[in-house]
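First up is the structure itself, then whatever we jot down about it.
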Amino acid sequence: AKLGELELNEPSKLNILQKFDAGNLNVNKLVGNARKLKNDEAALNAAEKKAQLNRNAAKKLENNRLIATKITNKQELSKFLNNLGLVGNDKNALIKSFNNGTLNANAIKTKAMELSEQRKKEEVYKLRTELAAKLGELELNEPSKLNILQKFDAGNLNVNKLVGNARKLK
């Protein structure tokens, strides 16, 4: 009955009963051993619980750090994309690739620089087409048109200013 009061696990109960069966007839000593086993089990369980709590806390901390790092990386990537002049659908598509894990930050930055260059070329082409159309409306001679277009190609992208210069040539 005393063993039942101690609520030992089955292996511990069997161990105590085997000692009793082996002729160790001092019941008080056996009960003392049983209590020591029970205390040892409790200490072990407490240590296991503490270790599990520590593992859980470490895992939570690690997850929080990963989330914080991802947020920081996303903010840095967003600033980088803004500095390149990428906005709207271009920026959203690149951020989506980052969020999905499709591409890492360095791959996205490389892709972003290529896309930025492509968008700049598209804008320059659009402005050049606009300039050529406006020069066509002015009915300039070919050498004058070529002169204005060469200024544009040299980096003077102000279409209105170039058209103003063309009007003076007329």
Side-chain angles (χ1 to χ4, degrees), residues 7-12 37-170:
E7 299 177 6
L8 291 173
N9 62 27
E10 284 304 312
S12 295
L37 279 173
K38 178 65 178 172
N39 290 339
D40 290 349
E41 285 177 15
L44 183 62
N45 286 341
E48 286 175 7
K49 285 180 183 178
K50 186 175 181 179
Q52 185 60 44
L53 288 174
N54 287 341
R55 284 190 296 273
N56 290 346
K59 185 69 174 167
K60 187 175 182 179
L61 181 62
E62 180 185 4
N63 287 342
N64 289 342
R65 286 182 180 157
L66 287 173
I67 290 169
T69 300
K70 187 162 185 164
I71 289 170
T72 301
N73 289 345
K74 185 175 177 181
Q75 289 171 341
E76 289 174 3
L77 181 61
S78 181
K79 286 179 189 176
F80 180 80
L81 297 175
N82 288 341
N83 289 339
L84 286 178
L86 293 174
V87 293
N89 290 338
D90 290 338
K91 180 178 176 181
N92 291 339
L94 293 169
I95 293 289
K96 186 175 180 179
S97 293
F98 178 79
N99 289 340
N100 294 342
T102 308
L103 297 172
N104 66 30
N106 288 334
I108 291 173
K109 286 179 180 181
T110 301
K111 189 172 181 179
M113 288 186 287
E114 291 168 359
L115 186 58
S116 176
E117 286 302 312
Q118 179 184 343
R119 294 298 183 247
K120 287 175 186 175
K121 288 176 183 177
E122 289 170 358
E123 181 63 22
V124 168
Y125 178 78
K126 180 181 144 204
L127 289 173
R128 193 172 199 289
T129 302
E130 179 185 334
L131 177 61
K134 287 184 179 185
L135 291 177
E137 292 171 7
L138 292 177
E139 299 177 0
L140 288 177
N141 61 32
E142 277 308 306
S144 296
K145 280 184 190 178
L146 287 175
N147 183 11
I148 297 293
L149 288 172
Q150 284 173 345
K151 287 180 182 179
F152 179 87
D153 292 340
N156 185 351
L157 304 179
N158 188 332
V159 172
N160 291 331
K161 187 174 181 181
L162 291 171
V163 169
N165 289 345
R167 284 192 178 110
K168 290 176 186 174
L169 292 175
K170 200 172 171 185

What's the separation between atom [atom1] in [X] and atom [atom2] in [Y], rounded to the nearest 0.5 Å?
X    : Y    : atom1 : atom2 : value
L77  : N82  : CG    : CG    : 9.5 Å
I71  : Q75  : CD1   : CD    : 7.0 Å
L149 : R128 : CG    : CZ    : 4.5 Å
L162 : N156 : CG    : CG    : 4.0 Å

**Report entry** Sole candidate of L103, N89, I108 that passes side chain to side chain contact (heavy atoms under 4.5 Å, CB included) when paired with L94
**Finding:** I108

Taking all non-hydrogen atoms of both residues into account, name the closest pair between [X] and [Y] and its distance.
X    : Y    : result
S144 : L169 : CB-CD1, 4.2 Å
A112 : L86  : O-CD1, 3.4 Å
R55  : E48  : NH2-O, 4.4 Å

Query raised in the report: Does N100 CG have over 12 foreign heavy atoms under 6.0 Å away?
Result: yes

[Y] and [X], any side-chain heavy atoms less than 4.5 Å apart:
X    : Y    : value
N147 : L140 : no
K91  : L84  : no
E122 : Q118 : yes
K59  : N63  : yes
L138 : K145 : no
N73  : E76  : yes
L66  : K70  : no
T102 : K96  : no

Report task. Go through the side-chain N and O atoms of E41 and N45 and say whether any donor and acceptor fall under 3.5 Å apart. Result -> no

Requested in this report: Give a yes or no on whether a salt bridge exists between K126 and E130, defined as a side-chain N under 4.0 angstrom from a carboxylate O.
Outcome: no

Report task. Scan residues 107-116 for pairs that pass side chain to side chain donor-acceptor pair (under 3.5 Å), counting only residues two or more places apart or in two chains. Result -> none

Requested in this report: For V124, enumerate each residue passing the side-chain contact (heavy atoms from CB on, under 4.5 Å) test, keeping only those at least two apart in sequence or located in another chain.
Outcome: F152, L157

Query - Side-chain (T69) to main-chain (R65) donor-acceptor, under 3.5 angstrom - result: yes

